[in-house]
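The residues of the chain are indexed from 1 along the displayed sequence. Computed over heavy atoms, backbone and side chain alike; hydrogens, waters and symmetry mates excluded.
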Amino acid sequence: MDSPSQNTSLQRLQNVEKRIVRVLELAGGVMDEMANPSGPRKELINNHCSEFMQLIKDIQVTLREEIKSACEYRPFEKCDYVPRISNEICCKKLEYVISQLDDMKRTIEGYHAAASDHMVLD
């Protein structure tokens, strides 16, 4: 069972969504600061930009991991339907071949019997 520290994929994607909202808030904050009539405060802009860049990196990493995980997901990997059906088809083919061989054997035996009867009559 997963430990409480491990998140489900859905929880990780919800955290990405929250980070995206925060990124938009930071971008809006920088735009407001740039429009400030007394001029932008450099320290505030630097802090917002640093947090913005870190969140963007975190978002990219999480999304890459989720995409990779989704690509590796194979729900039918342990399903034996295809091999089982293939085996059944092979069995049916073998049964058919055996029946054909049996028919050939009967035909050959019939020729041998006919040839034996023909030689006895001569």
Side-chain angles (χ1 to χ4, degrees):
M1 181 127 177
D2 290 343
S3 69
S5 65
Q6 291 177 320
N7 292 330
T8 66
S9 181
L10 183 58
Q11 288 171 328
R12 287 188 296 270
L13 291 173
Q14 286 173 337
N15 288 336
V16 165
E17 183 181 13
K18 290 175 186 173
R19 288 185 192 131
I20 291 171
V21 169
R22 179 64 184 146
V23 161
L24 294 173
E25 289 171 350
L26 289 169
V30 168
M31 291 178 74
D32 285 344
E33 190 61 29
M34 295 298 282
N36 189 346
S38 62
R41 292 173 285 183
K42 186 177 180 181
E43 185 177 326
L44 183 84
I45 289 180
N46 284 340
N47 291 341
H48 278 19
C49 288
S50 295
E51 186 178 352
F52 177 92
M53 292 308 295
Q54 186 57 52
L55 286 170
I56 292 294
K57 288 177 187 176
D58 293 346
I59 290 167
Q60 287 175 330
V61 167
T62 304
L63 289 178
R64 279 190 195 112
E65 289 170 356
E66 289 305 309
I67 290 168
K68 182 181 175 187
S69 175
C71 290
E72 292 171 352
Y73 179 65
R74 292 182 176 89
F76 302 110
E77 191 171 77
K78 294 180 182 177
C79 178
D80 69 342
Y81 176 78
V82 172
R84 189 168 35 86
I85 294 300
S86 294
N87 285 340
E88 288 181 27
I89 291 170
C90 286
C91 286
K92 294 293 181 188
K93 287 179 180 179
L94 286 173
E95 288 172 3
Y96 177 74
V97 168
I98 289 170
S99 72
Q100 293 297 309
L101 289 172
D102 287 342
D103 289 346
M104 289 171 64
K105 181 180 177 186
R106 281 192 291 278
T107 303
I108 291 170
E109 288 171 350
Y111 283 129
H112 286 299
S116 297
D117 289 344
H118 183 53
M119 289 186 163
V120 171
L121 292 176
D122 286 340

Does one hydrophobic cluster hold both Ile45 and Leu24, with members joined at side-chain heavy-atom distances below 4.5 Å? no
What distance separates Ile20 CD1 from Leu63 CG, expressed to the nearest 0.5 Å? 6.5 Å
When you look at Gln60 and Arg64, which way does the side-chain contact (heavy atoms from CB on, under 4.5 Å) test go after all the steps? CA-CA 6 Å; Gln60 287 175 330; Arg64 279 190 195 112; 4.0 Å; yes
Pairing of Lys68 and Glu65 as salt bridge, 4.0 angstrom limit: no
Roughly how far, to the nearest 0.5 Å, is SG of Cys49 from CD1 of Ile56? 11.5 Å
Is Val61 reachable from Leu13 through a run of I, L, V, M, F, W or Y residues, each pair having side-chain heavy atoms under 4.5 Å apart? no
With rounding to the nearest 0.5 angstrom, report the CZ to CG distance, Phe52 to Asn47. 15.0 Å
Check whether any side-chain heavy atom of Cys90 sits under 4.5 Å from a side-chain heavy atom of Lys93, and report yes or no. no
If you apply the rule side-chain contact (heavy atoms from CB on, under 4.5 Å), what do you find for Ile59 with Val23, and how did you get there? CA-CA 10 Å; Ile59 290 167; Val23 161; 4.1 Å; yes
Test side-chain contact (heavy atoms from CB on, under 4.5 Å) on Glu88 and Cys91 and set out the steps. CA-CA 5 Å; Glu88 288 181 27; Cys91 286; 5.6 Å; no
Nearest 0.5 Å, please: how far is CE in Met34 from NE2 in His48? 12.5 Å
Going from OG1 on Thr107 to NE2 on His112, what distance comes out if it is rounded to the nearest 0.5 angstrom? 11.0 Å
Between Asp102 and Lys105, does at least one N-O distance fall below 4.0 Å, as a salt bridge requires? no
Go through the side-chain N and O atoms of Gln54 and Asp58 and say whether any donor and acceptor fall under 3.5 Å apart. yes
Could you please spell out the steps behind the salt bridge (charged side-chain N to carboxylate O under 4.0 Å, His left out) verdict for Glu109 and Arg106? CA-CA 5 Å; Glu109 288 171 350; Arg106 281 192 291 278; over 6 Å; no
Are Met104 and Tyr111 co-members of a hydrophobic cluster defined by side-chain heavy atoms under 4.5 Å apart? no
Whether over 12 other heavy atoms sit under 6.0 Å from Glu17 CD: no
Please examine the side chains of Thr62 and Arg19, heavy atoms only from C-beta on, and report whether any two atoms are closer than 4.5 Å. yes
What heavy-atom pair brings Glu33 and Gly39 nearest, and what distance separates the two atoms? OE2-O, 3.9 Å
Can you find a heavy atom in the side chain of Asp103 that is under 4.5 Å from one in the side chain of Gln100? yes
When rounded to the nearest 0.5 Å, the distance separating CG of Leu94 from OG of Ser99 is 11.0 Å
